[in-house]
Amino acid sequence: MAVDHYENFPVGSVLLPRRLRAAVHVIYRFARTADDIADEGDAPAQMRLAELGKLREELNRIDAGQPPQTAMMQQLAAVIAKHNLPITPFQDLLSAFSQDVVKTRYDTFGELVDYCRRSANPVGRLMLALYGETDARSLAMSDGICTALQLINFWQDVAIDWQKGRVYLPQEDLQRFRIAESQIAAGDTGGLWSALMRHEIDRTRKMLQAGAPLGKVLKGRLGLELRLIIMGGERILKKLHDSNGDMLGHRPVLTWRDWLYMLWRALRAK
């Protein structure tokens with residue numbers, strides 16, 4: 001599942017069943033290609049949107065039962081057909097990537113969650129579909145986990161996103177805690193910055209915890225991988241909390257000690 005726009009997509013995970021690895025690689029290639037169109041290089045916004053539009057047209061062909069024109073999308077069509085995958089998650093991903101091209105600020109937390117619904121939740125839903133887990137409760141818990149993971153990435157990468165001209169901290173929260181964007185630019189965590197970040201961390205943790213039971217509901221490799229992912233999110237939130245939200249001076253990362261601890265807990269939590 002994605003944590004930060006497919007950088008942590010489990011394409012190389014030894015926990016993936018061999019029968020699903022090829023399908024996950026194809027889905028990853030689609031997501032990575034679309035994300036790079038939206039985010040990488042110096043192409044103007046109109047050109048990026050046009051390229052994403054071409055991918056959307058290819059998805060429409062697949063949805064209409066027509067053969068796509070490019071090799072990558074032909075492979076994706078074969079995976080969708082073989083595993084009976086829904087087309088909506090792919091369309092949602094393209095919607096989020098297109099939004100990335102034109103939107104750099106979010107007025108409310110609700111707006112941000114809606115973006116996560118389309119940028120992160122589809123990956124979890126596709127992974128569940130590959131494993132044949134499509135009941136409403138599992139999907140809802142997966143959505144909660146994926147949205148929380150995307151939010152964790154935003155809080156972890158405030159400084160990095162600032163360099164890209166983006167601020168994912170909701171504007172309503174910046175105003176509430178009297179934080180100016182100039183503080184982000186200066187790397188200044190004074191004033192009510194710590195209070196702002198505790199606010200974001202607390203509600204993100206609640207969202208992650210609400211979906212966490214899915215890690216025990218799902219059996220086998222998928223359950224183990226999901227428990228590791230959830231614990232990884234929890235560890236980053238703890239590091240953010242312990243630093244009083246000072247990700248501007250030191251971006252929290254997982255160390256090998258964290259991974260050993262997470263694996264121990266994941267194996268015990270069957």
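We number each residue from 1, following the sequence as shown.
Remark: Met73 CE to Leu55 CG distance equals 6.0 Å, nearest 0.5 Å. One finds the OG1 atom of Thr147 at 11.0 Å from the CG atom of Leu208 (value rounded to the nearest 0.5 Å). We find the CG-CD1 distance between Leu52 and Ile37 to be 5.0 Å, quoted to the nearest 0.5 Å. Rounded to the nearest 0.5 Å, atoms OG (Ser194) and CG (Asp246) are 8.0 Å apart. For the atom pair CD of Gln209 and CE of Met207, the computed distance is 11.5 Å after rounding to the nearest 0.5 Å.
In this structure, Glu172 contributes its side chain and Thr108 its backbone to no donor-acceptor pair below 3.5 Å. Of the possible polar contacts, one joining the Glu58 side chain to the Gln69 backbone as a donor-acceptor pair under 3.5 Å is found. The closest donor-acceptor contact from the side chain of Gln99 to the backbone of Tyr115 lies at 3.5 Å or more, if one exists at all. Remark: side-chain polar atoms of Trp193 are not paired, donor with acceptor, to backbone N or O of Ile179 under 3.5 angstrom. Side-chain atoms of Glu200 do not come within 3.5 Å of backbone N or O of Leu169 as any donor-acceptor pair. Panel note: side chain Asp188, backbone Gly190; a donor-acceptor pair is recorded below 3.5 Å. A donor-acceptor pair under 3.5 Å is formed between the side chain of Ser243 and the backbone N or O of Leu240. Gln183 places no side-chain N or O within 3.5 Å of a backbone atom of Thr189 that could act as its donor or acceptor partner.
Note on Arg176 versus Asp173: no salt bridge recorded, every NZ/NE/NH1/NH2 to OD/OE distance being 4.0 Å or above. Note on Arg105 versus Glu181: salt bridge recorded, some NZ/NE/NH1/NH2 to OD/OE distance being below 4.0 Å. The residues Lys239 and Asp242 are annotated as not salt-bridged, no charged nitrogen and carboxylate oxygen being separated by less than 4.0 angstrom. Salt-bridge annotation for Lys54 and Glu57: absent, with no side-chain N of the basic residue lying under 4.0 Å from a carboxylate O of the acidic one. Ion pairing between a basic and an acidic side chain is recognised when a charged N comes within 4.0 Å of a carboxylate O; Arg198 and Asp202 show no such pairing. Note on Asp39 versus Arg48: no salt bridge recorded, every NZ/NE/NH1/NH2 to OD/OE distance being 4.0 Å or above.
No donor-acceptor contact under 3.5 angstrom links the side chains of Asn121 and Ser142, judged on distance only. Counted by atom type alone, Arg166 and Thr104 present zero donor-acceptor pairs between their side chains at under 3.5 Å. A donor atom on one side chain and an acceptor atom on the other are not found under 3.5 Å apart for Asp36 and Thr33. A donor-acceptor contact closer than 3.5 angstrom is absent between the side chains of Ser95 and Asp92.
Counted within 6.0 Å of CE on Met72, heavy atoms from surrounding residues, nucleotides or ligands total more than 12; the atom is thus considered enclosed. Residue His241 places its NE2 atom among 12 or fewer non-hydrogen atoms of other residues, nucleotides or ligands, all under 6.0 Å distant.
In the hydrophobic cluster analysis, where Ile, Leu, Val, Met, Phe, Trp and Tyr join through side-chain heavy atoms closer than 4.5 angstrom, Val217 is grouped together with Leu226. Taken together through direct or relayed side-chain contacts under 4.5 Å among Ile, Leu, Val, Met, Phe, Trp and Tyr, Phe30 and Ile87 form part of one hydrophobic cluster. The hydrophobic cluster containing Leu263 also contains Trp259, counting ILVMFWY residues as joined when their side-chain heavy atoms lie under 4.5 angstrom apart, directly or transitively. When the side chains of ILVMFWY residues are joined at heavy-atom separations under 4.5 Å, either directly or via intervening members, Leu254 and Ile160 end up in two distinct hydrophobic clusters.
Using cut-offs of 30° and 60° for the angle between ring planes, the Tyr168 and Tyr106 rings count as parallel.
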What verdict does the salt bridge (charged side-chain N to carboxylate O under 4.0 Å, His left out) test give for Asp143 and Arg117, after you've listed the backbone C-alpha separation in whole Å, the side-chain angles of each residue and the deciding distance to 0.1 Å? CA-CA 7 Å; Asp143 287 348; Arg117 178 186 64 78; over 6 Å; no
